[in-house]
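If you're wondering where the values come from, they're calculated on a predicted model, not measured in any experiment. In what follows, every chain begins at residue 1, and chains take the letters A, B, ... in the order their sequences are listed.
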Amino acid sequence: MLQSALAVTAPPQANLNFSAHDFPKNKIAACAPPSPFLPLLHRCRSTSEVYQVHGAIIKSGEGHDRFLLFQLLRRCSSLHSIDYASRIFESVKQPDVYHWTALIAGIVAGDFPLDAVLLYSQMMGESIAPDAVLISYVLKACGSQMALEEGKQIHGQVLKLSFGFERAVLMRLIGLYGGCGEFADAKKVFDEMPDRDAVAGTVLISCYSDRGLIDEALGVFCGVPERDTVCWTSMIDGLVRNGREMAAVNLFREMQRENVQPNEITIVCLLSACARLGALQLGKWVDSYLGKYGIRRNTFVCSTLIDMYCKCGSVEEAMKVFDGMPRRDVISYNSMIAGLAVHGKSLEAVQLYRKMIRLGFKPTHITFVAVLNACSHGGLVDLGFEMFESMEKVHGLLPEVEHYGCMVDLLGRVGRLQDAFDMIQEMRVEPDHVIWGALLGACRIHGNLALAKKIGQILISSEKADSGTFVLLANSYSSFGKWEDAARMRAILRERGMQKEPGCSSIEIDNELHEFLLGDIKHPQRKEIYEKLEEMTVLVKKEGYSPAKSEVLQDVQDQEKQWALAIHSERLAICFGLISTKPGKTIRVMKNLRVCGDCHSMIKLIAKVTGRKIVVRDRNRFHHFEDGSCSCGDYW
DNA sequence: ATAGGGTTAG
C-alpha cells in the first residue's frame with residue numbers, strides 16, 4: 001500500500017482557450033507530424049492546465065497514445081501532482097519502463113520517496129526490465145531517505161544487470177553511501193569511475209562536508225582535474241559550514257585566479273563566510289564585485305547581503321540593500337528583522353514585522369525568533385507575549401524551543417525569574433542548554449544564587465548532562481564569585497577531556513583579519529598594543545573606571561599568567577584598532593563569547609576618551625559604544 | 001522515438 005495514494009480530486013478549472021476542435025484528427029500516414037499537444041503540455045504550469053490538455057487529448061481520440069500518456073505523466077510528476085500521475089498511469093495499458101520511470105520520478109520528488117522502491121519491485125514483479133535511468137531514480141530515493149539496506153540491494157541488482165558503468169547510477173551510489181556515512185564504499189565507487197568526474201566529486205565533497213570531514217573533502221577536491229563552478233562552490237560552502245571561513249575566502253581567490261566564473265550560489269557562500277568572520281571590508285568588496293561579474297542581485301543574494309551587513313555591524317548598509325530590492329520575500333524580511341533585533345533596534349524590528357504582515361507575507365518560525373529576540377533585547381514584555389501568543393492563534397505556528405528561549409530570556413531579564421522558570425517547566429518541548437543558559441544569565445543579573453543552584457542541580461541530575469552543561473555551570477558559578485564550585489565544574493570538564501571555548505576577538509584592518517586570544521602576546525605589534533592598553537587604562541581610570549577583578553581572576557595560580565589572563569581579547573583588538581586606524585574612524589570588533597561587565601564599562605569610557613564609535617559583536621548581540629554609553633543601555 | 005547529474009541565505 002502506497003502511503004501517498006490519496007483520493008484523486010478534480011483540479012480547479014483554469015481558463016485556457018482551446019478545445020479538441022482546434023486540433024486536426026486526421027494524421028498523414030507516411031510520416032506522423034509531431035503531436036500539437038506536446039508544445040501545449042510543455043507550457044503547462046499547473047496541474048489544472050495539464051488536466052485541460054489531457055481532456056483535449058481524450059476528446060481528440062488520442063487518449064490511449066502511449067507516447068502522449070508518457071509525456072502527460074512526466075509533466076504531472078514534474079509538477080508534483082502524484083495523485084494525478086497515478087491516475088494517468090492506471091489508464092496506460094501495459095505500461096513500459098518509460099511510463100514507470102515517469103511515475104517513479106514524481107514519487108521520488110514527493111513526500112514519500114521510498115514508495116519508489118515499492119513501485120520498482122512491483123514493476124520487476126511484472127517482468128519489466130529496469131534500465132539505468134530508472135535505477136538512478138530509485139537510488140536517488142534511497143539516498144535522500146538514507147535507506148542504506150534498500151540501496152545496497154539495488155546496488156546488487158545494478159551489478160547483475162551490468163549497469164555498473166552507468167554514470168547516473170554511479171553518481172547516485174556515491175550520494176547514497178556518502179549520505180549514509182559509508183565513506184569507504186562511496187570512495188570506492190568514486191575511484192572506480194573511469195574519469196575523476198567533477199559532478200561525482202561534488203557529490204562526495206558535500207557528503208564529507210556534511211559530516212565535518214573537511215580534509216577528506218579537500219582531498220577529493222584536489223583530485224578532480226576539471227573543476228567547474230559548482231564543484232568550487234561546494235568546496236567553498238563546505239569550508240564555511242565547517243568553521244574554516246578564511247580558507248573559504250582564500251579558495252574563492254584561487255577560483256578567480258583559475259578564471260572559473262562564480263555564480264549566485266558561490267557568492268551566497270562567500271558572503272556567509274564574511275558574515276561569520278565579521279569582515280565588513282571583504283563583504284563590501286564582494287558587494288561591489290557583483291555587477292562586474294554578472295551576478296544577479298536576486299532575492300537570495302540580497303537577503304545574504306542583508307545578513308552579512310547586519311552581522312558585520314552595519315545595519316545601515318543592510319537597510320540600503322533591503323530598501324533597494326525590487327521584490328522581497330519572507331526571508332528578506334526575516335534577515336532584516338533579525339538584524340534590527342540583534343542591533344538593539346527593537347521597535348524598528350517590530351514595525352518592520354507589522355509592515356510585512358500588512359503586505360500579506362506569511363511569517364515563519366524564523367520570523368518569530370527574530371521578533372521575540374527584538375522584544376527581549378528591548379525589554380518589551382507585553383508585546384513579546386502578544387507576539388508569542390499570536391504565533392499559534394493567528395499564524396498556526398507551534399512555538400519551538402527557540403521561541404520559548406526568547407520568552408525565558410525576556411522574562412528573566414526583567415526579573416520575573418519565577419515566571420521564566422515556570423515557563424521552562426510547562427513548555428511542551430525539551431529544554432536545552434541555551435534555554436537554561438538564558439535563565440542562569442538572568443539569575444546572575446538579578447543576583448539570585450538560590451535559583452541558579454537549583455537549576456544546577458536539575459541539570460547535573462539530568463541524564464543528558466554533557467560538556468555544554470558543565471561549561472554553563474562553570475560560567476554561572478564564577479559569575480557569582482563561587483570559585484570552588486566553578487573549579488569543580490572545570491575539573492569535570494578536564495576529566496572528560498573537554499575544554500571551554502577560549503575567548504577570541506578579531507578586527508579587520510586593511511582587508512586583513514587580526515585575531516587575538518585572551519592575554520595574547522603573539523601579535524607582531526604587541527608592544528604598541530599593550531602600550532595603548534596601558535594608556536587607555538590610565539585615561540579611563542580618570543573617568544571613574546575601577547577594574548572588577550572578580551570577573552577575571554578566578555583560580556589561576558601563577559602571578560604572571562594571572563596578569564595575562566586578566567586581559568580580555570576584546571581590549572587587545574580595540575587597542576590594535578586604535579593604533580591602526582585614523583582618529584574618528586569607527587572600530588568594529590567581533591568576539592566569540594559574550595562581553596563581560598568589566599570590559600563593557602571600560603569600552604564605554606574608551607569610546608568617550610577617544611571620541612570613537614566602537615561596535616562590538618558578541619555571541620548574543622551588537623553593542624554600539626559612543627561617548628560613554630552603549631546602545632544596549634547596559635541591558636544585555 | 002521517449003528520460004538522466006551536483007551546490008543555496010534565515
Side-chain angles (χ1 to χ4, degrees), chain A residues 31-32 34-35 38 65-75 77-78 95-106 108 131-140 143 163 166-175 178-179 193 197-207 209-210 217 220-221 224 227-238 240-241 262-276 298-311 321 329-339 341-342 363-370 373 402:
Chain A
C31 69
S35 168
L38 286 183
D65 185 296
R66 301 177 64 75
F67 180 59
L68 283 177
L69 285 168
F70 163 70
Q71 294 290 353
L72 276 166
L73 273 170
R74 278 220 311 147
R75 204 74 205 116
S77 281
S78 65
D96 61 29
V97 67
Y98 287 94
H99 298 109
W100 283 96
T101 306
L103 177 65
I104 286 174
V108 173
D131 65 6
V133 175
L134 175 55
I135 286 188
S136 72
Y137 274 115
V138 182
L139 283 171
K140 181 182 182 178
F163 292 136
E166 292 285 343
R167 188 161 171 267
V169 170
L170 294 174
M171 213 76 85
R172 294 307 186 186
L173 282 172
I174 294 170
M193 286 180 81
D197 191 292
V199 179
T202 303
V203 177
L204 198 48
I205 287 166
S206 57
C207 289
S209 301
D210 285 347
V220 173
F221 179 76
V224 175
R227 295 174 291 219
D228 60 7
T229 299
V230 181
C231 193
W232 281 93
T233 301
S234 74
M235 193 65 246
I236 290 170
D237 173 58
V240 176
R241 283 189 294 118
N263 64 16
E264 284 73 17
I265 300 169
T266 320
I267 295 304
V268 164
C269 296
L270 188 63
L271 285 171
S272 165
C274 297
R276 293 171 60 143
N298 60 21
T299 50
F300 243 95
V301 170
C302 287
S303 298
T304 317
L305 276 171
I306 291 167
D307 185 54
M308 181 276 292
Y309 278 124
C310 288
K311 289 192 175 144
V321 175
D329 62 8
V330 63
I331 293 159
S332 342
Y333 277 93
N334 287 353
S335 303
M336 197 63 239
I337 294 169
V342 84
T364 67
H365 283 103
I366 307 283
T367 316
F368 282 101
V369 173
N373 212 349
E402 291 92 337

Note to self: Applying a 4.0 Å non-hydrogen cut-off, can you work out what A/V133 is touching in the nucleic acid: base, sugar-phosphate, or nothing?
What the structure shows: base
Notebook entry, point to check: Which string of ( ) [ ] | and . matches DNA chain B, if you list each base 5' to 3' and count Watson-Crick or G-U pairs only when both distances are under 3.5 Å?
Noted result: ..........
Item checked: Contacts of A/R75 that satisfy side-chain hydrogen bond (donor to acceptor under 3.5 Å, both in side chains) - sequence neighbours left out -> A/S78
Next item on the list: Grab the CZ-C1' distance between A/F67 and B/dA3 for me, whole Å please.
Entry: 10 Å
Next item on the list: Starting from C1' on B/dG6, measure out to CG on A/L170 and report it in whole angstrom.
Entry: 15 Å
Checklist line | Whole angstrom value for the distance that separates C1' of B/dG6 from CH2 of A/W232 | finding: 17 Å
Check: What residues, two or more places apart in sequence or in another chain, satisfy side-chain contact (heavy atoms from CB on, under 4.5 Å) together with A/T299?
Finding: A/M325, A/D329
Next item on the list: Quick one: label A/E166 by what it contacts on the DNA or RNA (base, sugar-phosphate, nothing), any heavy atom closer than 4.0 Å.
Entry: base
Could you pull out the protein-nucleic contacts involving nucleotides 7-10 of chain B (nitrogen or oxygen on both sides, under 3.5 Å)?
from: B/dG10; atom 1: OP1; to: A/D307; atom 2: OD2; distance (Å): 3.0

Notebook entry, point to check: Among all residues two or more places apart in sequence or in another chain, which pass the side-chain contact (heavy atoms from CB on, under 4.5 Å) test with A/L68?
Noted result: A/S35, A/F37, A/L38, A/I57, A/E62, A/D65
Notebook entry, point to check: Rounded to the Å, how far apart are A/R227 CZ and B/dG6 C1'?
Noted result: 16 Å
Margin query: Under 4.0 Å, heavy atoms only, any strand: does A/R172 hit a base, just the sugar-phosphate, or nothing?
Written below: sugar-phosphate
Check: Does a donor on one side chain sit under 3.5 Å from an acceptor on the other, for A/T367 and A/T364?
Finding: yes
Notebook entry, point to check: With a 3.5 Å cut-off and no angle check, do the side chains of A/N263 and A/T266 form a donor-acceptor pair?
Noted result: yes
Margin query: Tell me every residue that passes ring-ring contact (aromatic ring centres under 6.0 Å, His included) with A/Y333, counting only those two or more places apart in sequence or in another chain.
Written below: A/F322, A/F361
